[in-house]
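Encoded as C-alpha cells, the structure appears first; notes follow it.
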Amino acid sequence: MTLLAAAPTTPADLDGGVLDLERLEPTIGARVHGVDLARATDEQVRAIRAALAEYKVLFFAGQHDLHPDGQIALGRRLGEVTESHPVVPGVDEQHPEIYALDSATGGFADVWHTDVTFVRRPPLGSVLRAVVLPPTGGDTQWADLELAYRSLSEPLQRLADQLVAVHDGTREFGYYIAQREERTKWEGEEYRALVPVAHPVVRVHPETGRKGLFVNPGFVSHIEGVSDAESRYLLDLFYAHITKPEHVVRHRWSVGDVVMWDNRSTVHYANRDYGDQRRVMHRITLRGDAPVGPAAV
C-alpha cells in the first residue's frame with residue numbers, strides 16, 4: 001500500500017501528452033500535475049475523462065478555486081451529473097447535485113463500497129472535494145477491481161463469471177428513508193423504498209472491455225442461486241482478495257484536493273480514525289449505465 005509515494009513523472013501515452021501524470025501504483029492511481037480544474041481547457045477535460053478509465057483514480061492537488069458551482073460545472077463537462085443521492089438530498093437548494101459527507105451528521109463511509117450500486121444504473125464515477133479535514137487521519141483508500149479479477153485463479157474466474165449478486169441499500173439507508181417524509185429523485189425516479197437489484201459479479205467495463213469483480217460489502221446482500229452459506233463464503237473470499245494491499249492505493253488529504261474515480265472498476269474506504277474531529281467532503285456523481293457481465297458480451 002503506497003501513501004502516494006513519489007514515482008517518475010511521465011506524460012500518459014493515451015492522452016498524447018496533454019496531461020502530466022504520475023503513476024502511483026502499477027494498475028491504479030495517478031497524480032495529475034499542472035491542471036487547474038476550475039479553468040481546465042476542453043482538451044484537458046477530454047484527456048482527464050480518458051485517463052479515468054485507464055488509471056481508475058486521479059488525484060489533483062491545490063484546487064482551491066473549485067467551489068460548489070465549479071465542481072458541478074466540471075462534472076457536466078465530464079459527463080451527466082446525477083442528483084446527490086437516491087435518498088439523501090443535496091447540500092442545499094442551490095446545489096442539489098452535491099452530496100455532503102459530513103462526519104458531524106453521520107456522513108462517513110468506513111466500509112468498502114462502490115457508490116450507489118443498489119440502483120439499476122450505478123454511477124460511472126465520482127468527483128470528491130475536500131472541504132473540512134481533521135488535523136490527522138481521514139485517509140481514503142481505493143482498490144482495483146480489475147486487478148482483483150485478473151489475480152484470481154482461472155477456476156475462480158470461471159466461477160465468478162457465472163454469478164449474479166443482489167445489491168440492497170436498505171441496510172445503509174433504509175432507516176433514513178423511512179424517517180424522512182421529503183423525497184428526492186434519482187434519474188427522474190422518486191425513491192420511496194429501496195428495491196434490491198441484481199448485477200453480475202463480474203462486470204465488463206463498457207469503455208475498456210476489461211473484466212472486474214463488481215461486488216462490495218457496503219451494498220451486496222447475497223449471491224443468487226447458491227445457499228446462504230455458499231454465498232457468505234464466496235463473498236468473504238472475494239472481499240478479502242479485493243482488498244489485498246497490492247490492489248490498493250491510499251490518499252492522505254489536504255484542503256484543496258480533488259479526487260476522481262471510476263466507479264465501475266473500484267471500491268473505496270474512508271478511514272474513520274479522527275475521533276470527534278470534523279471531516280466534510282463534497283461529492284458529485286456522473287450518470288452511469290447498467291452493469292453488463294461476460295455472458296452478455
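Residues passing the ring-ring contact (aromatic ring centres under 6.0 Å, His included) test with His241, sequence neighbours excluded: His247. Residues passing the salt bridge (Lys or Arg N to Asp or Glu O under 4.0 Å) test with Arg210 are Glu54, Glu146, sequence neighbours excluded.
Ion pairing of Arg283 with Asp115 is present here, as a side-chain N (NZ or NE/NH1/NH2) and a carboxylate O approach within less than 4.0 Å. Glu25 has no carboxylate O lying under 4.0 Å from a charged side-chain N of Arg250, or vice versa, which leaves the two without a salt bridge. Taking a cutoff of 4.0 Å between a charged side-chain nitrogen and a carboxylate oxygen, Arg203 and Asp289 qualify as a salt bridge. Using a 4.0 Å cut-off between charged side-chain N and carboxylate O, Arg39 and Asp36 make a salt bridge. Salt-bridge formation is detected for the pair Asp161/Lys211: a Lys NZ or Arg NE/NH1/NH2 atom is positioned less than 4.0 Å from an Asp or Glu carboxylate oxygen.
Distance check, rounded to the nearest 0.5 Å: CD1 of Ile284 to CG of Leu128 gives 10.0 Å. Separating the NZ atom in Lys244 from the OG atom in Ser151 is a distance of 5.5 Å, to the nearest 0.5 Å. In this structure, CD1 on Ile98 lies 5.0 Å from CD on Gln71, to the nearest 0.5 angstrom. Note: Thr140 OG1 to Tyr269 OH = 11.0 Å, rounded to the nearest 0.5 Å. Separation of atoms CG (Asp92) and OG (Ser84) is listed at 10.5 Å; rounding is to 0.5 Å. If you take CZ on Arg158 and CG on Leu152, they are separated by 12.0 Å, rounding to the nearest 0.5 Å.
Between Trp142 and Phe59, a ring centre-to-centre spacing shorter than 6.0 Å is recorded. Two rings, from Trp112 and His268, have their centers 6.0 Å or more apart.
Transitive grouping of hydrophobic side chains (ILVMFWY, heavy atoms separated by less than 4.5 Å) keeps Phe214 and Val267 in distinct clusters. Under the 4.5 Å side-chain heavy-atom criterion for grouping Ile, Leu, Val, Met, Phe, Trp and Tyr, Val32 is connected to Val127 within one hydrophobic cluster. Both Trp261 and Phe219 belong to a common hydrophobic cluster when Ile, Leu, Val, Met, Phe, Trp and Tyr are linked at side-chain heavy-atom distances under 4.5 angstrom. The hydrophobic cluster containing Val197 does not contain Leu163, counting ILVMFWY residues as joined when their side-chain heavy atoms lie under 4.5 angstrom apart, directly or transitively. Under the 4.5 Å side-chain contact rule for hydrophobic residues, Val226 and Leu156 share a cluster.
For Arg121, the CZ atom counts as densely surrounded, since its 6.0 Å shell holds more than 12 non-hydrogen atoms of other residues, nucleotides or ligands. The number of heavy atoms from other shown groups lying within 6.0 Å of CD (Glu93) does not exceed 12.
You'll find the side chain of Arg31 reaches within 4.5 Å of the side chain of Leu24, heavy atoms only. In this structure, Val91 and Pro68 have side chains that are not in contact, with every pair of non-hydrogen atoms separated by 4.5 Å or more. A 4.5 Å side-chain heavy-atom check between Tyr149 and Leu147 finds every atom pair outside the cut-off. The side-chain heavy atoms of Phe238 and Val201, taken from C-beta on, include a pair separated by under 4.5 Å. Side-chain contact check for Pro122 versus His199: some heavy-atom pair is nearer than 4.5 Å. Using a 4.5 Å heavy-atom threshold, the side chains of Leu52 and Met260 count as touching. Taking the side chain as every heavy atom from C-beta outward, Asp273 and Asp139 never approach each other to under 4.5 Å. Side-chain contact between Leu58 and Ile48: present, with at least one pair of heavy atoms (C-beta onward) separated by less than 4.5 Å.
The aromatic rings of His85 and Tyr99 lie tilted to each other, with the angle between the two planes from 30° to 60°.
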- Message: Go through it in stages, so that I can follow the logic: the residues are Asp144 and Val249, the test is side-chain contact (heavy atoms from CB on, under 4.5 Å), and I'd like the CA-CA distance, side-chain angles, deciding distance and then a yes or no.
- Response: CA-CA 8 Å; Asp144 184 342; Val249 65; over 6 Å; no
- Start with the C-alpha distance between Arg150 and Thr27, add both sets of side-chain angles, then the distance that settles side-chain contact (heavy atoms from CB on, under 4.5 Å), and finish with yes or no. CA-CA 11 Å; Arg150 290 201 304 274; Thr27 65; 3.7 Å; yes
- Task: Please report the C-alpha distance between Asp168 and His222 in whole Å, then the side-chain angles of each, then the deciding distance to 0.1 Å, and finally whether the side-chain hydrogen bond (donor to acceptor under 3.5 Å, both in side chains) criterion is met.
- Result: CA-CA 9 Å; Asp168 188 350; His222 63 282; over 6 Å; no
- salt bridge (Lys or Arg N to Asp or Glu O under 4.0 Å) evaluation trace for Asp42 with Arg77: CA-CA 8 Å; Asp42 290 345; Arg77 298 178 71 191; 2.7 Å; yes
- Task: Test side-chain contact (heavy atoms from CB on, under 4.5 Å) on Leu194 and Val87 and set out the steps.
- Result: CA-CA 9 Å; Leu194 295 175; Val87 300; 3.9 Å; yes
- Message: If you apply the rule side-chain contact (heavy atoms from CB on, under 4.5 Å), what do you find for Asp228 with Ser231, and how did you get there?
- Response: CA-CA 5 Å; Asp228 288 345; Ser231 176; 5.6 Å; no
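Residues Ile242 and Leu213 share a closest heavy-atom pair of CG1-CD1, 3.8 Å. Of all heavy-atom pairs between Leu124 and Glu207, the closest is CD1-OE2, 4.4 Å. Here the closest non-hydrogen pair linking Val45 and Ala40 is CG2-CB, 3.9 Å. Between Ile72 and Val81, the shortest heavy-atom contact is O-CG2, 4.0 Å. Between Tyr239 and Val220, the closest heavy-atom pair is OH-CB, 3.4 Å. Taking each heavy atom of Thr266 and Lys56 in turn, the nearest pair found is CG2-CB, 3.8 Å.
A donor-acceptor pair under 3.5 Å is absent between the side-chain atoms of Glu224 and the main chain of Val166, judged by distance alone. Without hydrogens or angle criteria, Arg120 side chain to Ala198 main chain gives no donor-acceptor distance under 3.5 Å. A donor-acceptor pair under 3.5 Å is formed between the side chain of Arg279 and the backbone N or O of Gly138. The main-chain N or O of Leu235 is never found under 3.5 Å from a side-chain atom of Arg232 such that the two would form a donor-acceptor pair. In this structure a side-chain-to-backbone donor-acceptor pair under 3.5 Å is present from Glu230 to Ser227.
No side-chain donor from either of Asn263 and Thr114 sits under 3.5 Å from a side-chain acceptor of the other. For the residue pair Ser126 and Thr285, no side-chain donor N or O sits within less than 3.5 Å of a side-chain acceptor on the partner. Side-chain contact annotation: His167 with Thr117, donor-acceptor N/O pair under 3.5 Å present. Under 3.5 Å, the side chains of Glu22 and His33 contain a donor-acceptor pair of N or O atoms.
Applying side chain to side chain contact (heavy atoms under 4.5 Å, CB included) to Gln63 and the options Leu74, Val255, Val258 leaves one that passes, Val258. Here the options are Arg252, His251, Arg129, the test is side chain to side chain donor-acceptor pair (under 3.5 Å), and the partner is Asp257; only His251 passes.
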